[in-house]
*Asks:* 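Take a look at this one; I'll ask things after.
The figures that follow rest on heavy atoms only: side chains count, while hydrogens, waters and symmetry mates do not. Each chain gets a letter, A, B and so on, in the order its sequence line appears, and its residues count up from 1. Only a predicted model underlies this, so the values are computations on that prediction, with no experimental measurement involved.
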Amino acid sequence: MPELPEVETVVRGLRKSVIGNKIKDVKIIFPGIVKQNSKNFKKVVSKNKIIEIRRRGKFILIDLSNGKTILAHLGMTGNFILVRASSPLNKHDHLIVRFYENHSKGSPAFGGAKELRYNDQRKFGRIKSFSTSKEENIFDLKKLGPESLNISSSDFVDLFKKRKGRIKSALLNQQIIAGLGNIYVDESLFEAKIHPSQKIDQLTPQQLKKLHQAIQKILKKAIKAGGSSIENYYNIDGEIGSFQLQHKVYGREGLACKRCGTKIKRIKISQRSSYFCPRCQKRT
DNA sequence: GCCACTGTTAGCAT
DNA sequence: CATGCTAACAGTGG
């Protein structure tokens, strides 16, 4: 679920709806999500204004007026949703950020105070805070590879030129390149006509260039569609994305390839289901 | 009921 | 060092 396009959709939603809002306090329902002393986290966050929202890889960064930043990762099933403070809690709501009423600026239908809730069925997500000025020292961010949406074609080719192993495993590795996950890797490899278990050192610079282009194209289209909603994903207004309707291979085992009609195959690579067209994506 | 599977990744083993 | 499994969790489907 939350890969780069989904996280970007959440970030854009937050930017539109909560920048400038002043946080009243934070309620932690399930402490396991907060990877920091709960009291400390609450103290750092409460009574501060949200001044900026950013994304790095699949991480969400929320900058506060006191020089601190909230770092959130959605794991597999995490979601932020903006709701009326009076609305009933949902199953798997783990954390609530409450805003002051007079700073609410949502739609007119949104009278009264609102709050941002973090929901996560599988509890793989995590949230913590750090000093904005110390960002370059934060391990979670430091280890990330270049942004898959920013990297230039030549840097991308250089990045993989020296690598071994299977192309899909490398694309999933956030330390090599940040933001891609299982869905967008499969879709990008199909677009570039590259077999997911293709050995990287057998790829030509031309193929890598094509793969770079495919990634840019797929990610941009997915962001435009508000991401892919397979089961659990929705944006901060509770709306689902629509890119799943444009998937050409992911989740389409046994169905006809949209390009050539051959049946889409599914194999396991690094323990992850990998969908591809055996005719369009030949291994070399 | 049991087992396999699911969008991620830290941590450990090889 | 690079690469590959497993576990963390909850739910669903066969």
*Asks:* Calculate the interatomic distance between A:K35 atom NZ and B:dT8 atom P; express it in whole Å.
*Replies:*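 Result: 18 Å.
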*Asks:* Find the distance A:D140:CG to B:dT9:C1' and express it as a whole number of Å.
*Replies:*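 Going from A:D140 (CG) to B:dT9 (C1'), I get 11 Å.
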*Asks:* Quick check on DNA chain C: between A:I176 and A:E231, whose nearest nucleotide comes earlier from the 5' end?
*Replies:*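 Upstream on the strand: A:I176.
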*Asks:* Do any side-chain nitrogens or oxygens of A:K168 fall under 4.0 Å of OP1 or OP2 in C:dT3?
*Replies:*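 False: A:K168 side-chain N/O out of range (4.0 Å or more) of C:dT3 OP1/OP2.
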*Asks:* Do the side chain of A:Q198 and the main chain of A:R166 share a donor and acceptor less than 3.5 angstrom apart?
*Replies:*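 Pair absent, no side-chain N/O of A:Q198 close to backbone of A:R166.
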*Asks:* Is it true that A:D158 and A:K161 make a salt bridge, defined as a side-chain N closer than 4.0 Å to a carboxylate O?
*Replies:*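 Result for this pair is yes, salt bridge flagged.
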*Asks:* Looking across every strand, which nucleic acid part, if any, lies under 4.0 Å from A:K143 by heavy atom: base, sugar-phosphate, or nothing?
*Replies:*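 Counting heavy atoms under 4.0 Å across all strands, the contact made by A:K143 is with sugar-phosphate only.
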*Asks:* Roughly how many Å is it from CG in A:D120 to C1' in C:dC9, rounded to a whole number?
*Replies:*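 Those two atoms, CG and C1', are 9 Å apart.
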*Asks:* Does A:H92 have a side-chain nitrogen or oxygen under 4.0 Å from the phosphate oxygens OP1 or OP2 of C:dC9?
*Replies:*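 Indeed not, no polar side-chain atom of A:H92 lies that close.
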*Asks:* For A:G254, is there any backbone N or O sitting under 3.5 Å from a side-chain donor or acceptor partner on A:R252?
*Replies:*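 Here the side-chain-to-backbone pair does not exist.
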*Asks:* Less than 4.0 angstrom between a side-chain N/O of A:K58 and OP1 or OP2 of B:dT8, yes or no?
*Replies:*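 Looking at the OP1 and OP2 atoms of B:dT8, one of them is under 4.0 Å from a side-chain N or O of A:K58.
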*Asks:* Is it the case that C:dT3 (base atoms only) and A:R166 (side chain only) share a donor and an acceptor within less than 3.5 Å, ignoring hydrogens and angles?
*Replies:*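 Side chain to base: no pair present.
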*Asks:* Rounding to a whole Å, what distance do you find between A:N173:CG and C:dA2:P?
*Replies:*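 One finds 10 Å between P of C:dA2 and CG of A:N173, rounded.
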*Asks:* Of the nucleotides B:dA10, C:dT3, B:dT9, which one has an atom closest to the side chain of A:Q174?
*Replies:*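 The listed nucleotide nearest to A:Q174's side chain is B:dT9.
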*Asks:* Without decimals, in angstroms, what is the distance between A:I167 CD1 and C:dG4 C1'?
*Replies:*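 Taking atom C1' of C:dG4 as the reference, CD1 of A:I167 is at 17 Å.
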*Asks:* Say whether, by atom type as modelled, one donor and one acceptor occur between the side chain of A:S242 and the main chain of A:I240 under 3.5 angstrom.
*Replies:*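 No; zero donor-acceptor contacts below 3.5 Å.
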*Asks:* Describe the nucleic acid contact of A:F30 in one word from base, sugar-phosphate, nothing, applying a heavy-atom distance below 4.0 Å.
*Replies:*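 Counting heavy atoms under 4.0 Å across all strands, no contact is made by A:F30.
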*Asks:* Could you tell me the separation between the CZ atom of A:F124 and the P atom of C:dG11, rounded to a whole number of Å?
*Replies:*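 Going from CZ in A:F124 over to P in C:dG11 covers 12 Å.
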*Asks:* For A:R122 and A:R126, take the nucleotide of DNA chain B holding the closest heavy atom to each; which residue's nucleotide lies nearer the 5' end?
*Replies:*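 Nearest-nucleotide comparison on DNA chain B picks A:R122.
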*Asks:* Of the options B:dA10, C:dT6, C:dG4, whose atoms approach the side-chain atoms of A:Q271 most closely?
*Replies:*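 For the A:Q271 side chain, the nearest candidate turns out to be C:dT6.
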*Asks:* Using only side-chain N and O atoms of A:H73, determine if any of them is under 4.0 Å from OP1 or OP2 of B:dT9.
*Replies:*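 Result: yes.
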*Asks:* Nearest to the side chain of A:S169, which nucleotide is it out of C:dG4, B:dT8, C:dG11?
*Replies:*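 When the side chain of A:S169 is considered, C:dG4 is the closest of C:dG4, B:dT8, C:dG11.
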*Asks:* Quick one: is A:K123 getting a side-chain N or O under 4.0 Å of the C:dA10 phosphate, OP1 or OP2?
*Replies:*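 Checking C:dA10 against A:K123, a side-chain N or O does come within under 4.0 Å of OP1 or OP2.
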*Asks:* Should C:dC9 form a Watson-Crick or G-U wobble pair with both distances under 3.5 Å, which nucleotide is its partner?
*Replies:*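 The base-pairing partner of C:dC9, which may sit in any strand shown, does not exist here.
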*Asks:* May I ask you to check if A:R259 and A:F190 form a cation-pi contact, with NZ or CZ under 6.0 angstrom from the six-membered ring centre and within 45° of the axis?
*Replies:*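 Yes, A:R259 lies over the aromatic ring of A:F190.
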*Asks:* So what does A:K91 hit on the nucleic acid, given a heavy-atom distance under 4.0 Å: a base, only sugar-phosphate, or nothing?
*Replies:*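 A:K91: backbone/sugar contact only, no base atoms under 4.0 Å.
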*Asks:* Would you please confirm or rule out a distance under 4.0 Å between OP1 or OP2 of B:dT9 and any side-chain N or O of A:R272?
*Replies:*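 For B:dT9, neither OP1 nor OP2 has a side-chain N or O of A:R272 closer than 4.0 Å.
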*Asks:* Expressed as a whole number of angstroms, how long is the span from A:I230:CD1 to B:dT8:P?
*Replies:*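 Spelled out: CD1 on A:I230 to P on B:dT8 is 11 Å.
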*Asks:* Checking A:E135 against A:T69: is there a side-chain donor and acceptor pair closer than 3.5 Å?
*Replies:*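 There is no such pair (donor and acceptor under 3.5 Å, judged by atom type) between the side chains of A:T69 and A:E135.
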*Asks:* Atom CG of A:L172 and atom C1' of C:dT3: how far apart are they, to the nearest Å?
*Replies:*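 Atom-to-atom, A:L172 to C:dT3, this comes out as 13 Å.
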